[in-house]
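Heads up, the thing below is written out as structure tokens.
We count residues from 1, following the sequence as given.
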Amino acid sequence: LWPWLLASSGLSALVQLVTLPFFPDSPSYLLIQKGNEEACRKAIRKLWGEGDHQAEIDDIMKEKVAMTSTKTLRVLEVIKERSLRWQLYILMTVMTTLQLCGINAIYFYSFEVFHTAKFEEYLIPYVSLGVGLCECLSSILCSALIDRFGRKVLLWGGYTLMCSVLALLTMTLSLQHQVFWMHYFSVILIFLFVIFYGIGP
């Protein structure tokens with residue numbers, strides 16, 4: 001079953017490969033990069049139907065003017081630029097915490113936790129698949145929540161809940177040989193951690 005499951009990802013790539021030539025180019029790409037206004041109008045009509053789309057073309061033209069007036073900075077220039085210092089700090093903090101939040105450790109040790117929880121050997125890959133599915137579904141849920149609550153709330157909330165879950169998971173793994181139901185609580189905590197990771201960071 002696993003070879004078929006891995007091969008199924010090629011199906012979506014094949015669908016994209018077959019259908020992509022029939023999609024129009026991006027209107028902004030045609031106007032800004034190529035400078036072809038007629039092709040831009042044609043792409044807009046194909047995407048949005050017939051009608052007066054001059055307002056959209058004017059917006060793209062404004063974007064083109066803004067891009068030409070903006071200086072492209074090299075990496076070293078971005079680091080030295082004082083006006084971008086705080087944005088750079090925030091970006092570095094978010095990316096560092098994303099790498100060190102513990103999600104890789106959870107995925108690495110989840111198999112062992114499931115094994116200790118007395119799951120049958122043939123069921124463990126499916127439970128692991130369920131963990132991955134949880135992350136996928138929580139990421140979809142995040143896209144719906146981000147407009148309502150904002151990125152900052154989801155980041156703070158996600159990291160706070162993840163820290164709480166990791167603290168509880170450390171406790172349950174320490175007590176798993178003394179209290180029999182701690183194994184199952186650890187499994188629940190792994191699922192919760194992955195959900196909070198998908199919703200937050």
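- One finds the CD1 atom of Ile190 at 12.0 Å from the CZ atom of Phe185 (value rounded to the nearest 0.5 Å).
- To the nearest 0.5 Å, atoms OG (Ser9) and CG (Leu14) are separated by 11.5 Å.
- Note on residues 55-99: pairs passing ring pair (Phe, Tyr, Trp, His ring centres under 6.0 Å), not counting sequence neighbours, are Trp86-Tyr89.
- For Glu38, the salt bridge (Lys or Arg N to Asp or Glu O under 4.0 Å) criterion is met by Arg45, not counting sequence neighbours.
- Not counting sequence neighbours, the partners of Glu37 by the salt bridge (Lys or Arg N to Asp or Glu O under 4.0 Å) test are Arg41.
- Between Asp58 and Gln54 the shortest side-chain heavy-atom distance falls below 4.5 Å.
- Annotation: side chain of Val113 is not in contact with side chain of His183 (no heavy-atom distance under 4.5 Å).
- In this structure, the side chains of Trp181 and Leu175 stay at 4.5 Å or more apart for every pair of heavy atoms.
- Distance check: Ser186 OG to Met171 CE gives 9.5 Å after rounding to the nearest 0.5 Å.
- When side chains are defined from C-beta on, Tyr107 counts as touching Glu135, because their heavy atoms get closer than 4.5 Å.
- Here the straight-line distance linking atom NZ of Lys80 with atom CG of Leu88 works out to 14.0 Å at 0.5 Å rounding.
- Of the N and O atoms on the side chains of Ser138 and Tyr197, not one donor lies less than 3.5 Å from an acceptor on the other residue.
- Of the candidates Leu98, Val94, Leu100, Thr96 forms a side-chain contact (heavy atoms from CB on, under 4.5 Å) with just one, namely Leu100.
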Evaluation steps, side-chain hydrogen bond (donor to acceptor under 3.5 Å, both in side chains), between Tyr126 and Glu120: CA-CA 10 Å; Tyr126 296 103; Glu120 297 287 341; over 6 Å; no
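- Between Phe193 and Ile103 the shortest side-chain heavy-atom distance falls below 4.5 Å.
- Ring orientation note: the planes of Phe114 and Phe191 are tilted relative to one another, at an angle of 30° to 60°.
- Separation of atoms SG (Cys142) and CG (Leu137) is listed at 13.0 Å; rounding is to 0.5 Å.
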